A.B. asks: 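What follows is a structure written as structure tokens; I'll ask about it next.
Predicted model only: the values in this text are computed from it and were never measured. Along the sequence shown, the residues carry numbers beginning at 1.
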Amino acid sequence: MGSAREAALITLTACERQGAWSDGYLKKALREQELDKRDAALASRLCYGVLQNRLLLDWQLARFCNKRLEALDAPVLCGLRAAVYQILFLDKIPPSAAVNEAVELTKKYCRNPRAAGMVNGILRAMLRQKDLPEPEGCDKAETLSLKYSHPLWLVEEFIDTLGPEGAERLLEADNLQPPTAAQINPLRGTLEKLTEELRETGAEATPHPWMPGCLLLSGGGDLERLAPFQEGRFYVQDPAARLAVTAAGVTPGQRVLDCCAAPGGKSFAAAIDMENQGEVISCDIHPHKIKLLQAGRDRLGLSVITPCRQSAAELREEWVDGFDTVITDVPCSGLGIIRKKPDIRYKDPKALEGLPQVQRGILDNCARYVRPGGVLVYSTCTVLRRENEGIVEEFLAGHPEFALEPFTLPEFGEQPGWITFWPHIHGTDGFFVAKLRRKG
């Protein structure tokens, strides 16, 4: 049986060396280390805390390290970051414990016999300097980049869109840990009953402040192990993603296509809004994700869902003009879900440049499946205009048979055909939804 700090170090090292995604690798590390709920929570906090503050931690470390940080072995660098995070952010952990554990883990995971002494020296020197300086850059954008550990290019994007004050509020929200949103399955019980059952498991369950049929959960450990989850009483989905289906306005008996469906939240929401009457075809290109869709459908008892292996970018002739509603939740930069996947912020921006072309291709293709008079929904989990409003505007310019259609949402009222959700404004993921109606 391992420790919380060891599980965090293993995960952070995998992220540093292999580009592993923290959420998936952390789950693997927690299983292998056989941690109890308390230690698993600490490991998660350390792992996500380091990723949320990596640029700031490195800025502080560079002041005490004689070597370039990028020249350090990955376990050494990740161990230093985890120790500095504990020193700066976790009041309940004695600094000496953070230092001692970092030294011991360095001995275990680094072959260089002098590495542990270096780690000890750097951290002890940091502890001796009682008042560490606040991060400071050449201008506002650089200062915000260091303070909130977002790459400079991304901070500048946010400032262009939101202004300096709005950008700082967003960056601050990105570094918070949101509660888990559980959407009720009304086919399997009431919100009140589910709340009671979840609290009996030790989870903290409170009604969402404005989203009907939604609970905010924390402190329950691995939700997938809970009986209410296994019995299909709820599924996990951010309110903004849920509202994409609300905006679509699906009704019982319709035929709905979810073009990029995995892990299935929008298909589940559509089937629930349709009272499990009609047909929902849920597509993905990966066989293992088809199995995920099937498992979710069966767990929730949503028999109208048919998982289907199909690329959203390739035309399927028999589907042309065949659906009342088509949902296209396209591949995107994911910059709206930094709160949940903090490592997304460190993506190479060059790798994102080709996304608008992919998104346009999927929207053009899937629009052909909408019957005359039907609805096309375009959504992303990003907040970049070039992947959101820009794509819709280009599509409308080339498809005069479609037009934006206003829709009404709980809490936010009537929208003019699209909406961008922001973590610091709406308390949701960053998310974009547009509703288009094909002329009859």
Side-chain angles (χ1 to χ4, degrees), residues 1-36 38-65 67-90 92-93 95 97-112 115-116 118-120 122-123 126 145-146 148-151 154 174-177 222 334 337-348:
M1 188 169 176
S3 70
R5 292 180 179 88
E6 187 169 7
L9 178 64
I10 291 168
T11 302
L12 292 167
T13 301
C15 294
E16 187 73 17
R17 278 180 171 166
Q18 304 154 219
W21 288 110
S22 58
D23 55 343
Y25 205 94
L26 180 60
K27 286 181 181 178
K28 176 173 176 285
L30 294 179
R31 284 195 303 269
E32 291 175 349
Q33 297 293 311
E34 298 179 343
L35 302 184
D36 61 23
R38 181 178 175 183
D39 279 345
L42 175 58
S44 299
R45 185 63 262 149
L46 291 177
C47 182
Y48 289 123
V50 167
L51 291 169
Q52 287 168 340
N53 296 280
R54 198 177 83 186
L55 298 183
L56 174 60
L57 300 175
D58 285 358
W59 184 78
Q60 294 286 8
L61 275 170
R63 300 172 53 252
F64 296 91
C65 184
K67 290 186 176 182
R68 291 181 302 109
L69 296 185
E70 53 267 32
L72 299 176
D73 287 346
V76 175
L77 178 56
C78 293
L80 282 167
R81 286 169 174 165
V84 176
Y85 173 72
Q86 292 169 75
I87 292 167
L88 294 181
F89 290 95
L90 300 185
K92 293 182 180 179
I93 294 180
V99 174
N100 292 339
E101 188 77 9
V103 171
E104 292 305 311
L105 288 172
T106 301
K107 291 176 183 177
K108 183 173 181 177
Y109 286 96
C110 184
R111 295 176 182 176
N112 184 342
M118 181 190 68
V119 167
N120 186 59
I122 290 171
L123 295 175
M126 183 175 285
S145 173
L146 287 171
Y148 297 104
S149 290
H150 284 62
L154 187 53
D174 274 351
N175 283 356
L176 299 176
Q177 195 165 17
D222 186 353
I337 55 172
I338 289 175
R339 299 186 307 166
K340 295 171 181 172
K341 293 189 174 183
D343 23 5
I344 281 179
R345 71 187 78 189
Y346 304 117
K347 278 184 177 181
D348 181 355

A.B. asks: Can you measure from SG (Cys78) to CG (Leu105) and round to the nearest 0.5 angstrom?
C.D. replies: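 Cys78 SG to Leu105 CG: 11.5 Å, rounded to 0.5 Å.
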A.B. asks: For the side chain to side chain donor-acceptor pair (under 3.5 Å) test, which of Glu101, Gln86, Glu104 pairs with Arg5?
C.D. replies: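 Result for side chain to side chain donor-acceptor pair (under 3.5 Å) with Arg5: Gln86.
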A.B. asks: Do Arg345 side-chain atoms and Pro342 backbone N/O form a donor-acceptor pair below 3.5 Å?
C.D. replies: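 Looks like yes, one N/O pair under 3.5 Å.
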A.B. asks: Is it true that a side-chain atom of Asn120 and a backbone atom of Ala116 form a donor plus acceptor pair closer than 3.5 Å?
C.D. replies: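 No.
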A.B. asks: Would you say Asn175's side chain and Tyr148's backbone share a donor-acceptor pair under 3.5 angstrom?
C.D. replies: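 Yes, the answer is positive, given that a donor and an acceptor are paired below the 3.5 Å cut-off.
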A.B. asks: Do you know which two heavy atoms are closest between Ala62 and Leu69, and how far apart they sit?
C.D. replies: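 Closest pair (atom of Ala62, atom of Leu69, distance): N-CD1, 4.2 Å.
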A.B. asks: What is the minimum heavy-atom distance between Ile87 and Pro95, and which atoms define it?
C.D. replies: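 Smallest interatomic distance, heavy atoms only, reads CG1-CB, 4.3 Å.
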A.B. asks: Give the minimum heavy-atom separation between Ala74 and Arg17, together with the two atoms involved.
C.D. replies: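 Smallest interatomic distance, heavy atoms only, reads CB-CG, 3.6 Å.
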A.B. asks: To the nearest 0.5 Å, what is the distance between CZ (Arg54) and OH (Tyr85)?
C.D. replies: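 Reported to 0.5 Å precision, the distance equals 15.5 Å.
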A.B. asks: Hey, is Glu16 close enough to Arg81 for a salt bridge, meaning N to O under 4.0 Å?
C.D. replies: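 Looking at Glu16 and Arg81, the cut-off is met.
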A.B. asks: Would you say Arg45 and Gln177 are linked by a side-chain donor-acceptor pair, where the criterion is simply a distance under 3.5 Å?
C.D. replies: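 Indeed, the side chains of Gln177 and Arg45 share at least one donor-acceptor pair under 3.5 Å.
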A.B. asks: Heavy atoms, side chains only, cut-off 4.5 Å: are Leu26 and Ile10 in contact?
C.D. replies: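 Of all side-chain heavy-atom pairs linking Ile10 with Leu26, none is under 4.5 Å.
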A.B. asks: Using atom types as modelled and distance alone, determine if a side-chain donor or acceptor of Asn53 lies under 3.5 Å from a backbone N or O of Leu56.
C.D. replies: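 The answer is no, because no donor-acceptor pair under 3.5 Å joins these two groups.
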A.B. asks: I need the minimum non-hydrogen distance between Ala20 and Asp343, along with the two atoms involved.
C.D. replies: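 Shortest heavy-atom contact: O-OD2, 4.0 Å.
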A.B. asks: Show the nearest heavy-atom pair for residues Ala8 and Leu46, with the distance to one decimal.
C.D. replies: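 For Ala8 versus Leu46, the nearest heavy atoms are CB-CB, 3.8 Å.
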A.B. asks: What I'd like to find out is whether the side chain of Ile122 reaches to under 4.5 Å of the side chain of Val84, using heavy atoms alone.
C.D. replies: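 Counting from C-beta outward, Ile122 and Val84 never come under 4.5 Å.
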A.B. asks: Which atom pair, heavy atoms only, marks the closest approach of Thr11 to Ala29?
C.D. replies: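 Shortest heavy-atom separation between Thr11 and Ala29 comes out as OG1-CB, 3.5 Å.
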A.B. asks: State, yes or no, whether a side-chain contact exists between Met118 and Leu72 at a heavy-atom distance under 4.5 Å.
C.D. replies: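 SC-SC contact between Met118 and Leu72 confirmed.
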A.B. asks: Evaluate side-chain contact (heavy atoms from CB on, under 4.5 Å) for Leu55 paired with Ser145, printing each intermediate quantity in order.
C.D. replies: CA-CA 8 Å; Leu55 298 183; Ser145 173; 4.0 Å; yes
A.B. asks: Ignoring hydrogens and geometry, is there a side-chain-to-backbone donor-acceptor pair from Thr106 to Val76 under 3.5 Å?
C.D. replies: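 Not a single qualifying donor-acceptor pair exists.
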A.B. asks: Give a yes-or-no answer on whether the side chains of Tyr109 and Glu6 include a donor-acceptor pair shorter than 3.5 Å.
C.D. replies: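 There is such a pair (donor and acceptor under 3.5 Å, judged by atom type) between the side chains of Tyr109 and Glu6.
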A.B. asks: Just how far is it from atom CD1 of Ile338 to atom CG of Leu176, taken to the nearest 0.5 Å?
C.D. replies: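 It is 12.5 Å, given to the nearest 0.5 Å.
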A.B. asks: Got a second to check how far Leu30's CG is from Ser44's OG, nearest 0.5 Å?
C.D. replies: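 Spacing of CG (Leu30) from OG (Ser44) equals 5.0 Å.
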A.B. asks: Assess the residue pair Ser22 and Tyr48 against the criterion (side-chain contact (heavy atoms from CB on, under 4.5 Å)); give the C-alpha distance rounded to whole Å, side-chain angles, the decisive distance to 0.1 Å, and a yes or no.
C.D. replies: CA-CA 8 Å; Ser22 58; Tyr48 289 123; 3.6 Å; yes
A.B. asks: Run the side-chain contact (heavy atoms from CB on, under 4.5 Å) check on Val119 and Cys110 step by step: do they pass?
C.D. replies: CA-CA 11 Å; Val119 167; Cys110 184; over 6 Å; no
A.B. asks: Should Phe64 and Leu123 count as side-chain neighbours, where that means a heavy-atom distance under 4.5 Å?
C.D. replies: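 No, too far: nothing below the 4.5 Å cut-off.
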A.B. asks: Starting at CE of Met126, measure out to CG of Leu80 and round the result to the nearest 0.5 Å.
C.D. replies: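 Met126 CE to Leu80 CG: 8.5 Å, rounded to 0.5 Å.
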A.B. asks: I'd like to know if Asp23 and Lys340 make a salt bridge, using a cut-off of under 4.0 Å between side-chain N and carboxylate O.
C.D. replies: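 Salt bridge absent between Asp23 and Lys340.
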A.B. asks: Please check: side-chain N/O of Asp73 versus main-chain N/O of Pro75, any donor-acceptor pairing under 3.5 Å?
C.D. replies: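 No.
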A.B. asks: Would you mind reporting whether Pro151 and Tyr346 have side-chain heavy atoms less than 4.5 Å apart?
C.D. replies: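 Yes, at least one pair of side-chain atoms sits under 4.5 Å.
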A.B. asks: How many angstroms lie between atom CD of Gln60 and atom CG of Leu146, to the nearest 0.5 angstrom?
C.D. replies: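 Output value for this atom pair is 9.5 Å.
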A.B. asks: Answer yes or no: is there a side-chain heavy-atom contact under 4.5 Å between Leu12 and Leu51?
C.D. replies: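 Yes, at least one pair of side-chain atoms sits under 4.5 Å.
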